[in-house]
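To keep things clear, I will list the structure first and then write my remarks on it.
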Amino acid sequence: MYSKRIHAAWFGIHFFLITAVCLAGVFWLIAQGSTILPSACRRVRAKAELVADLVSGKRGRSFESRSERHRNVSARRWHPGRVQLFAPNVPSQHRLTLELLYEDGRVEYESPHVRGKTAALRLESLLDRLAEERYEPVREVLVKMLAFSVWREHPDVKKVRATFGAVNPPGMNEFEQGKTETFQPMFSFDFSLRDDQKQ
Amino acid sequence: MQSVVKSPGSQISVGLSPLRKFWQRFIGFLFPPETDTWLAVLRSGLGLQVIVYALFLRSDWHYLFASSGKGLVGREVGEAITAFDSPLIPTFGWLVAVGRNLNMSEETVLTVAWVGLLSAGCLLLLGLLSRPAAIVAWFVHLCAAESGGLLAYGADSFMTTALFYLMLSPLPDRYSFDHWVAKTKPKNPQLLGFWRRVLQVHLCFVYFIGGLAKCLGNGWWDGSNLWRSLIRPPFNLVPPDLLVQFKYALPLLGISICLLEVSYPIFIWLKRTRRIWLGCILAMHAAIGLMMGLYLFALVMIVMNLAAFGVPSAGRRAQATSATTEQ
């Protein structure tokens, strides 16, 4: 019976925390305005999200101003809104185009790539994250690393211009009318390799 | 006429009796009599899942998890974000640090981790050294999911969850090699029902919250979300020209998915509707796997559903078995 009580207590705590995290995720989605609920609900939901976050221990710690944004990145990473695939809506696809500028004036276009299809899916997941506001603190670092991964294959490149943007697919009716996807640039970075990094 | 004098203690006990009844019912719900067939399904299914996971990532393993300057984005950023959550969450950085003390390079450590994960998957599939294999698979997969957190997607979190529950369940089951060859028996077979309940309740949470979130999105009611998800690279396995021919079916399918998921916690418990709901959910995941190429996600969800609700509950037979064992 003693063992059963311990297991029952664990069950209660475990699913209480899961409930709090799930509710925080749903309230966050509503507060972000990504649902069909009217905007009047958002303020109430934002407060409810705060409560749920406190219960699940995501906002209980004292934030240092310097690391606050990084902590927020971390706190949101496993949010149910993030984990649930394609809910409430399917996110836009994102693309990172790297313009490789060679010393002799040549220009080539490349994108970060991986070998396997499963890994390609993960790369897509990373690109989708880059577009989100909460990843803004680490965005430049990540784009730089993605650019560097391509740069290693083209060591004689002088400069890299990375352009990141959203790819908007056509709707069903638009597709029938012959429309294709459109690319909407969101930000771009210029990188040049220092001599010490070239070695 | 007899006068009945009630002591304060008896009044409390009368007040507590509904609470005690509730507690007993709750305990009865949490610890139903159960055989280990569901555990065999979960173990072998997750073994297969881990093998497929390791093989799918074989060619990109080092590229995804190497440090900065060698890999895609370097695992340091993902590990730094994880460390903000808690420094106790395992990452590949731990293993690399241990390897450094043993004069092992990062590349060697990552190779050993991959081989360990694949071996753990094979052992789980066979049921050999079931619990150590489950622990190794959970640990290495968690390291991979956390070190490559920025590259993770839904399948990773479900794999971590499923392996965590498997690791804690009373292994080995009677279909495993451990049982046949080494005659190993689980220490707490009475917990079989408890861990199945945990898995069942967890799935109910997953589908209810997923369904609720989908219901709140306008794109699931008019079929546009299905269209967007099916034409979006790298999920665009079905040609859009073919999809357009079914454009009137997409809103119906979208609404069906929302309703199927949000009502899962109700209809999966009712005996009459269980098979229908389970069949629909399995069909949905199979379709996701085949039409969108999300094989790992589809497989882990199918395995979890089959283990939780696919295997018939032991009922009277297990009750009789447990009664005999207790005697």
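Only this structure's heavy atoms are used, side chains among them; waters, hydrogens and symmetry mates stay out.
Summarising the local packing, NZ of K247(B) is surrounded by more than 12 heavy atoms from other residues, nucleotides or ligands at distances under 6.0 Å. For E153(A), the CD atom counts as densely surrounded, since its 6.0 Å shell holds more than 12 non-hydrogen atoms of other residues, nucleotides or ligands. Heavy-atom contacts from other residues, nucleotides or ligands closer than 6.0 Å to CZ of F29(B) number more than 12.
With rounding to the nearest 0.5 angstrom, the CG atom of L151(B) is 7.0 Å from the OG atom of S125(A). In this structure, R197(B) CZ and H7(A) NE2 are separated by 15.0 Å, a value rounded to the nearest 0.5 Å. Atom CG in L150(B) sits 12.5 Å away from atom CG in D128(A) (nearest 0.5 Å). Distance check, rounded to the nearest 0.5 Å: CZ of R129(A) to OH of Y153(B) gives 12.0 Å. Taking CZ from R232(B) and CD from E181(A), the interatomic distance works out to 11.5 Å, rounded to the nearest 0.5 Å. Residue S3(A) holds its OG atom at 5.0 Å from CG of L191(B), rounded to the nearest 0.5 Å.
For Y53(B), the part lying near chain A is the side chain, with the backbone staying farther off; criterion is any non-hydrogen pair under 4.5 Å. Contacts of F15(A) with chain B are made by both backbone and side-chain atoms, with heavy-atom separations under 4.5 Å. R152(A) touches chain B through its side chain: at least one heavy atom from C-beta onward sits under 4.5 Å away, while N, CA, C and O do not. Heavy-atom distances place both the backbone and the side chain of Q93(A) under 4.5 Å from chain B. In this structure, the portion of F26(B) lying under 4.5 Å from any heavy atom of chain A is its side chain and not its backbone. L243(B) does not touch chain A: none of its heavy atoms, backbone or side chain, sits under 4.5 Å away. The parts of D241(B) that come within reach of chain A are both its backbone and its side chain, each placing non-hydrogen atoms under 4.5 angstrom from that chain. If you measure heavy-atom distances from F31(B) to chain A, the contacts under 4.5 Å come from the side chain alone. Both the backbone and the side chain of L72(B) come within less than 4.5 Å of a heavy atom of chain A. Proximity to chain B is limited to the backbone of H113(A), based on heavy atoms less than 4.5 angstrom apart. For a residue to count as touching a neighbouring chain, one of its non-hydrogen atoms must lie under 4.5 Å from one of that chain's; by this rule R228(B) touches chain A with backbone and side chain alike.
Counting all heavy atoms, side chain and backbone alike, I36(A) lies closest to C215(B) at CD1-O, 3.6 Å. For P170(A) against W227(B), the heavy-atom pair with the smallest separation is O-NE1, 2.9 Å. Across all their heavy atoms, G293(B) and L121(A) have their closest contact at O-CD1, 4.3 Å. Nearest heavy-atom pair, G116(A) versus S59(B), reported as atom, atom and distance to 0.1 Å: N-OG, 4.0 Å.
For the set G74(B), G219(B), A155(B), P233(B), the entry with the most heavy-atom pairs within less than 4.5 Å of chain A is P233(B). Interface summary for chain B: among V141(A), T19(A), L130(A), the most heavy-atom pairs under 4.5 angstrom belong to T19(A). Heavy-atom pairs under 4.5 Å with chain A were tallied for F56(B), W61(B), Y63(B), F194(B); the largest tally goes to F194(B).
Proximity of F11(A) to V201(B): side-chain heavy atoms (C-beta onward) are separated by under 4.5 Å at one or more points. At least one side-chain heavy atom of V26(A) sits under 4.5 Å from a side-chain heavy atom of L212(B). The shortest side-chain heavy-atom distance between K4(A) and L30(B) does not fall under the 4.5 Å cut-off. You'll find the side chain of E124(A) reaches within 4.5 Å of the side chain of P234(B), heavy atoms only.
For residues 249-258 of chain B, the interface with chain A (any heavy-atom pair closer than 4.5 Å) comprises L250(B), sorted by residue number.
Evaluation of the ring pair (Phe, Tyr, Trp, His ring centres under 6.0 Å) rule for H154(A) yields no partner, not counting sequence neighbours. For the ring pair (Phe, Tyr, Trp, His ring centres under 6.0 Å) test, residues two or more places apart in sequence or in another chain that qualify with H94(A) are F164(A). Residues passing the ring pair (Phe, Tyr, Trp, His ring centres under 6.0 Å) test with W221(B): none are found, sequence neighbours excluded.
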| task | Determine, step by step, whether V73(B) and L126(A) satisfy the side-chain contact (heavy atoms from CB on, under 4.5 Å) criterion, reporting the C-alpha distance in whole Å, the side-chain angles of both residues, the deciding distance to 0.1 Å, and the verdict. | result | CA-CA 10 Å; V73(B) 287; L126(A) 172 68; 3.8 Å; yes
| Hey, mind stepping through V198(B) and W10(A) against side-chain contact (heavy atoms from CB on, under 4.5 Å) and telling me if it holds? | CA-CA 10 Å; V198(B) 171; W10(A) 177 86; 3.9 Å; yes
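Looking at R122(A) and D156(B), a side-chain N of the basic residue comes within less than 4.0 Å of a carboxylate O on the acidic one, giving a salt bridge. A salt bridge is absent between D60(B) and K117(A); no separation between the charged side-chain nitrogens and carboxylate oxygens falls under 4.0 Å.
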